[in-house]
Every structure is written in structure tokens, then in C-alpha cells.
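All heavy atoms count here, side chains included; hydrogens, waters and symmetry mates do not. Every chain is numbered from 1 and lettered A, B, ... according to where its sequence line falls, protein lines coming before strand lines.
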Amino acid sequence: MRWYADRARDLPWRRADATPWGVLVSEFMLQQTPVDRVLPVYESWLARWPAPAALAAEPPGEAVRAWGRLGYPRRALWLHATATTVVDRHGGRVPADVSELRALPGVGEYTAAAVAAFAYRRRTVVLDTNVRRVLGRLTRGEALPVTASPTTAERAAAETLLPAEPEAAATWSVAVMELGALVCTARSPRCDACPVASRCRWLAAGRPATDNAGSRAQAFAGTDRQVRGLLLAVLRAEPDAVPRARLEEVWPDRTQRERALDALVADGLVEPVGAEAFALPGTLARSSRTGCRTAPSDLADPLHRVGEIAHDDSDVP
DNA sequence: GAACCGTGGCG
DNA sequence: TCGCCAAGGTT
């Protein structure tokens, strides 16, 4: 904790003026995403939506668009749904209880514990990849976590180390996370700069490699995930509906492309506009989204008309 | 428990 | 170049 007081990064969600909503937003964005990439999006996000009610008042597609290239865009959808739930069921304030946080969409064990601790200074066991790695090396002498998710034994061990005082516990958790992010890193740990190197079981053992067969990285190139990302990138950049023909340009394999597009629609990340165009969910004017007000003659060339209708205010009541 | 879900940087 | 990794969560 002395090391943290001296070396911690000045991150916006750690400042005294950070709100619980800001902490929650940061935790969503930081899931599997590096801090440096989150920072600019976090700033613009909170400037535009400083409270849950502001985000809930806009369509989910705007959240997906503002998410940019952070990756895993379902998080944007979940964050929007969480904002809506917070408004509807919690009076617009982010709950402080772990059980209530855990019930929010996109909030799992880690995020619930993190928000309770960092936003409300509750005493919770915060076990992210950093904490798991640091404690695994320090107390068990293991280079990297062996299991994909924290075990019961890991939780018990972490709870034993956690300070009894809630305020101290919250700081201890963020301090261990920071140590893992800056010093006790996965690839090239800087043990010479580590404040607890003298007590590290892994270092004492000569930093042995631990074979973790369970955590093989997932492939990406050529997968549906890559195709989904390419399709969504086109839709984010276009304020109006995008004709199917333009989406066909991003990936040659028709079968895989259609499967990815169908999955995006099923996930609620993409909304069909008529039969031959698509848009981010809820982002179009109602007249163009339903197509019900379109004259029969306009349907002759739907691929091109759909995009134009959104620009055309003349038929909007 | 396994599979799936984006994106970019780094060693 | 390419596998690994990054404040995970849901199905």
C-alpha cells in the first residue's frame, strides 16, 4: 500500500470526484481491454452521459456507436441495459450492494466486487487477472493462474490477506491490481522494482515456468468474431441504414458473413431495416425504421432508398 | 467446464 | 511473423 501511494497512476476513475457511475463505466470498459485504450473513450462517454439516466434516455445503438473500437461491443449493450435498470429499479443511482450489482446485465463477480469496493469502499474480494497473478506468484509460487476462473481456495486465500478495515481493504485491492499491471506483469515482470520481492515464493524459486494448458488463447483471424467486428465497424461509421450490398464488401464468404450478421441481429447489436438494410439498434427516425410510411414506388429500389429516407425530413410527421 | 465474444500492441 | 495478453461475462 505504501508502494501504491507512491507509484499509482493518476486515472480518472480513481480521482476523488469520480462518481459510482464513472467507476461502473470504467469497469465495463476495462474488461479485457488495456487502460490506454479505455482512457479517451471513458472521457468522452462520461462527458456525453454523466449519469445513468442520460444514457438510458438514448437508444442502445448510440452506446454501441460510442463504444468505438474497444472490442466486445456487447459490453456497450449491457452497459446501456444496466443504465436502464439503474434508472428503473434503483432510482437512477448505482447500487452499492454486491448482490444488487451482480444482478445487473454484464456485471459478474469481479465487476460487482470492484464497484462495491472502489466506488463505495466496501470490503469485498476483488479477484481480477492481476490479483490472481500477483497472489499466485507471491503465495503459491506459480507463474500464471492454472485455472480459467478463480477457485474457491483462491478466494479464501485472498480473503485472508484482505485488510479487516473496509477502507483499507478497498485500497489494498486496487494496490495489488496496480502492482500486477505495472510490476508483476504476465510477460516480463520487473521483480527488481517489486516492493514485496523479498517475500515472493515464485521469485525465491527462480521464477519457474508453470504450464497452464487450460488457458490457451483463442484464435481470431478468420473467425466469426472478426467478421462481426468488420460488419459492425461499417454500421458504426454510418449514421443511417446501410444497404446489405455494402456489408457484403467486408467479407467474401457469403455463408459466414450471413451467419455473423444473423448473430449480430440476434444479439441486439444490429437492427434490420426492411429486408435489405441494417442499422445500429434504435438509431434511425421511426419513419425510416418501420418503412410503413414509405410509398410503394419507393420500394422499387430499396437498397438505395433506405439510406436516403433517413436524410429526408419531408415525410416525418 | 467449454465455447464464444473484439481489438490492438508487444515480445 | 505470430502467439500471447489485456480491470470478464454469458450461454
Side-chain angles (χ1 to χ4, degrees), chain A residues 4 8-9 11-14 18 22-42 64 67-79 81-82 101-119 124-134 143-151 170 173-182 184-190 209 211-236 250-251 259-260 263-264 266-270:
Chain A
Y4 178 76
R9 290 169 292 180
L11 301 174
W13 46 86
R14 289 180 184 166
V23 172
L24 181 65
V25 169
S26 78
E27 293 302 341
F28 266 83
M29 292 183 173
L30 288 163
Q31 290 168 5
Q32 300 282 283
T33 307
V35 166
D36 289 344
R37 207 180 308 165
V38 164
L39 281 170
V41 182
Y42 173 86
V64 174
W67 197 253
R69 306 186 68 79
L70 286 183
Y72 291 137
R74 288 194 291 193
R75 292 182 292 165
L77 226 43
W78 291 333
L79 183 49
T82 277
L101 287 164
R102 187 65 180 79
L104 298 171
V107 175
E109 285 302 318
Y110 162 75
T111 302
V115 171
F118 304 148
T124 63
V125 176
V126 179
L127 268 189
D128 77 322
T129 186
N130 289 303
V131 176
R132 292 191 70 203
R133 186 176 58 249
V134 170
L144 294 169
V146 178
T147 60
S149 52
T151 64
S173 291
V174 74
V176 176
M177 287 177 68
E178 189 76 337
L179 187 65
L182 298 182
C184 194
T185 58
R187 294 202 207 177
S188 44
R190 307 176 5 133
D211 49 11
N212 53 338
S215 63
R216 197 182 78 261
Q218 299 168 299
F220 177 66
T223 63
D224 285 10
R225 291 160 68 193
Q226 183 182 21
V227 182
R228 287 165 58 110
L230 293 170
L231 292 170
L232 214 50
V234 173
L235 291 162
R236 276 198 310 265
V250 307
W251 196 257
R259 184 173 67 233
L264 285 171
D267 287 348
L269 283 163
V270 171

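- Between A/R37 and A/R69 there is no side-chain heavy-atom pair separated by less than 4.5 Å.
- Contacts with DNA chain C (heavy atom under 4.0 Å) in residues 221-230 of chain A: none are found.
- Using a distance-only test at 3.5 Å, with no hydrogens or angles considered, no donor-acceptor pair links the side chain of A/R133 to the main chain of A/A143.
- Side-chain contact check for A/W13 versus A/E27: every heavy-atom pair is 4.5 Å or farther apart.
- Contact of the A/V35 side chain with the A/L30 side chain is registered, since non-hydrogen atoms from C-beta on lie closer than 4.5 Å.
- At most 12 non-hydrogen atoms from other residues, nucleotides or ligands lie less than 6.0 angstrom from CZ of A/R190.
- Using a 4.0 Å heavy-atom cutoff across all strands shown, A/F220 reaches at least one base atom of the nucleic acid.
- One can place CG of A/D267 at 14 Å from C1' of B/dA3, the figure rounded to the nearest angstrom.
- B/dG6 and C/dT11 have their P atoms separated by 14 Å, given to the nearest Å.
- Nucleic acid contact class of A/L70 (heavy atoms, under 4.0 Å, all strands): base.
- For the pair A/L232 CG and B/dC5 P, the computed distance is 13 Å after rounding to whole Å.
- No side-chain heavy atom of A/Y42 sits less than 4.5 Å from a side-chain heavy atom of A/L11.
- The shortest distance between side-chain heavy atoms of A/Q32 and A/Y72 falls below 4.5 Å.
- One C1' atom belongs to B/dG11, the other to C/dA7, and the distance between them is 22 Å to the nearest Å.
- Between A/S149 and A/R69, the residue anchored nearer the 5' end of DNA chain B, judged by the nucleotide with its closest heavy atom, is A/S149.
- At distances below 3.5 Å, at least one donor-acceptor pair connects side-chain atoms of A/R14 with backbone N or O atoms of A/R9.
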Nucleic acid footprint by protein, nucleotides 6-11 of chain C - heavy-atom cut-off 4.0 Å, B for base, S for sugar-phosphate alone: BBBBS-
